[in-house]
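The block underneath contains the structure these notes are about, expressed in structure tokens.
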Protein chains: 2
Amino acid sequence: MVQPKIRNMEEFAAVSGISRPTVSKYFNDPDSVRPSTRQKIEAALEQHDYRPNVFAMNQNRRKTKNIGVVVPNLADPFFSEIGRRVELACIDAGYSPILLSSHGIPEMESDNLESLRSLKPAGVLLAPFGRLSDKDAVQAFDRDFPLVLFDANMSDTGQAYFGTDNFQSIDLMVEYLCRSGEPPCFFEMKSPSNPNANKRHQAYVESMERHGQTPHIFQAEGEGWNFEEIGKVEGGRLLASNAFKTRTVLCSNDRLAIGMLSAAYALDLRVGHGPGCHLRIAGHDDHPFSRFTCPALTTIAQDYEAIANRAVRTLFEMLQVDERLPTRAEMLFEGRLVMRDSA
Amino acid sequence: MVQPKIRNMEEFAAVSGISRPTVSKYFNDPDSVRPSTRQKIEAALEQHDYRPNVFAMNQNRRKTKNIGVVVPNLADPFFSEIGRRVELACIDAGYSPILLSSHGIPEMESDNLESLRSLKPAGVLLAPFGRLSDKDAVQAFDRDFPLVLFDANMSDTGQAYFGTDNFQSIDLMVEYLCRSGEPPCFFEMKSPSNPNANKRHQAYVESMERHGQTPHIFQAEGEGWNFEEIGKVEGGRLLASNAFKTRTVLCSNDRLAIGMLSAAYALDLRVGHGPGCHLRIAGHDDHPFSRFTCPALTTIAQDYEAIANRAVRTLFEMLQVDERLPTRAEMLFEGRLVMRDSA
DNA sequence: ATTAAAAATTTACGCGCGTCAAGAATATCG
DNA sequence: CGATATTCTTGACGCGCGTAAATTTTTAAT
């Protein structure tokens, strides 16, 4: 630190007593040099805080140490949570995650992928919009870079996909609700953009039929990402007009449920499974705030940790062997029933 | 598009009929070339989707078009919301925002600044931890790059600071609460990391004294970012033991309030200002979920938009004239009282 | 048309590092 | 100890672009 500043790898190689090409090799992969020389370099590193110029590094390098992470909307706590875990996993692996949010705008997803192109990422983790994604753009990107999808699936796109088994999770919830009270109706967005919503719809119908019950679907008008507001307004209308044929409502996701809980409270309808309660409301996702709703929300916890870790791990395995997967991997993790007070 | 791919600026200059140095100039600043040549370049751009290599671009360039945006914790909806706005404002201005979260870990803030150094950012927008920030590291960074702080202030650090006037906003809330019912006590974290918390504490005391009332402070044990949980546990304990000397509680921030609302619900205490209500609870920040709590939370809305825009604008003004501000700018925006049902 | 100013071109160099080939040094093993 | 396999050094080239100086072309103004 006391020495005059090191300007480039040439100078750093000089003070560390190692040739520049070897130093270059070290920075690419510290394990690729002999332990004795690694020690010399690392000793020098502690004395002369030198760090290679990332721009010069990446210029000639085919693949950088950058990992793109693209989520549809960071303002949604679900994505900030799972994005957070993915980010940390990348850092642990010695990569530089670049977190990009599409701010709820599908077109921006393509923009983000386009921006990533110029950063020559070693790989990309994408939680796509799904139906609203530009499938051609994503598939084109998939051809040029190692791409792993998570949260939302897109057929024949990406080298792998990791998400929650909505059929298992919804069935788990339907089973619980049927066993413990009236069979649930289903509350969802009318035109959801996320493919999970469609799967959950289908899963609900199938599960209800398997239980010998008649499915009842209620759909909320509205576009965009304001799920709580939509749940509150549309759910409130349905509650006020007594439209539900049952006193148990399964919401397609927690954010809708949070809105509906708010509406129920305003209508003085006591939500829960205890005596004196008017209706039960359940959600899906174990949203970070679902523990603090009134009453606390019964929901399905997605295995964030497993999804994030497996997606990252799979990507890194591809990077190691430096080839595409022989066959598209697809793994669904089970949801876990979280019983709280609302249902 | 039909032509063979352009490999570099040399080839692109050839097909556009302009010399490479001029093309280079164009990409630095499209307005720096004659309109007629700009048209030629842009015409060529539409035919041969060429984009300059960012790494080669930034290698020799002193300042890049990168803007660093560092927030303490993206998992907090407050920061994901304000980070979102800052990001979009940067994109509008033709810069590339790089959003970094410190994941609630103060040491990671310094790491993030260190990472940013190697990206040679044109400027950085930082929402610091405050007391827990490594002040020396931040100030050192301030000397090397244009730095603007927002949300949390640090004395003599950064070229400018933009945030909310906690004294104004807390006074507004205290005034309202006193006028409409019992004077509030104050509920906060015992050892808050955020400087805003200290200001709010002080603002509460001063405001109460100005109103001729005796301030009462209640502090919650607990560390970390689990404010809702802390609010629920500690707030619940205080409510259950009837420790509050008043039936109006002003929480230092919405997340604590959300936790306390949850505890109150569990205790069957009706919150609100109407008849039959046991207590009033108010918050601060207009957290995205405060509209959907039960009851909806009365709070102070921070002017996210203004804070984000002014911070970004101030930074860009510095970049334009390419010099530090003659004097450290500091501007506080007023909070807005949002009256809902909880108080 | 003349002239000065502005902009574009030509030529050339350098940035910091990746990477390759050939040879020298070192390590590993029987 | 010698033979072979690793690893390192030396020297050199190139990546794609920024940028500077000198020259030529274009534009604007008289």
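Partner of B:D134 under the side-chain contact (heavy atoms from CB on, under 4.5 Å) criterion, out of B:P106, B:P128, B:S110: B:S110 alone.
Atom NZ in B:K40 sits roughly 7 Å away from atom P in C:dT9 (whole-Å rounding). Taking atom CD1 on A:I6 and atom P on C:dC17, their separation rounds to 11 Å, with Å as the unit. Following rounding to the nearest Å, B:F27 (CZ) and D:dG18 (P) show an atom-to-atom distance of 9 Å. Per the geometry, CE belonging to A:M57 stands 19 Å off P belonging to D:dC17, to the nearest Å. Counting to the nearest Å, the P atom of C:dT9 and the NZ atom of B:K25 are 11 Å from each other. Here C:dG18 presents its C1' atom at 13 Å from CD of A:E10, a figure rounded to the nearest Å. One can place CZ of A:R7 at 12 Å from P of C:dC17, the figure rounded to the nearest angstrom. Distance B:N8 CG to D:dG14 P: 14 Å, rounded to the nearest Å.
Distance from the side chain of B:N28 is smallest for D:dT19 among the nucleotides D:dC17, C:dG16, D:dT19. Which of C:dT19, C:dA8, D:dT7 sits closest to the side chain of B:V33 comes down to C:dA8.
Residue whose closest nucleotide on DNA chain C sits further toward the 5' end, between A:S36 and A:M9: A:M9. Each of A:R34 and B:V23 was assigned the nucleotide of DNA chain C with the nearest heavy atom; the assignment lying further toward the 5' end belongs to B:V23.
For A:N60 against C:dC17, a side-chain N or O and a base N or O form a donor-acceptor pair under 3.5 Å. One donor-acceptor pair, N or O on each side, does fall under 3.5 Å between the base of C:dG16 and the side chain of A:Q59. In this model, no side-chain donor or acceptor of A:R20 finds a partner on the base of C:dG16 within 3.5 Å.
Residue contacts for B:T37: at a heavy-atom cut-off of 4.0 Å it reaches the sugar-phosphate backbone alone, with no base atom in range. Note on B:N58: nothing from the nucleic acid sits closer than 4.0 angstrom, heavy atoms only. Here A:P21 lies in heavy-atom contact (under 4.0 Å) with a base. Across all strands, A:Y26 comes closer than 4.0 Å to no nucleic acid atom at all (heavy-atom distances). Heavy atoms of A:Y50 sit under 4.0 angstrom from primed sugar atoms or phosphate atoms, though from no base atom.
OP1 or OP2 of C:dT10 has not a single side-chain nitrogen or oxygen of B:S19 nearer than 4.0 Å. Contact annotation: B:S24 does not reach the phosphate of D:dC17 (side-chain N/O to OP1 or OP2, under 4.0 Å).
The two residues A:K5 and A:E11 make their nearest non-hydrogen contact at O-OE1, 3.7 Å.
Classification of B:D156 and B:R328 as a salt-bridged pair fails, no side-chain N sitting under 4.0 Å from a carboxylate O. Note on A:R84 versus A:E87: no salt bridge recorded, every NZ/NE/NH1/NH2 to OD/OE distance being 4.0 Å or above. The pair B:D31-B:R38 meets the salt-bridge criterion, with a side-chain N (NZ, NE, NH1 or NH2) lying under 4.0 Å from an Asp/Glu carboxylate O.
Atom OG1 of A:T22 sits about 10.5 Å away from atom CE of A:M9, to the nearest 0.5 Å.
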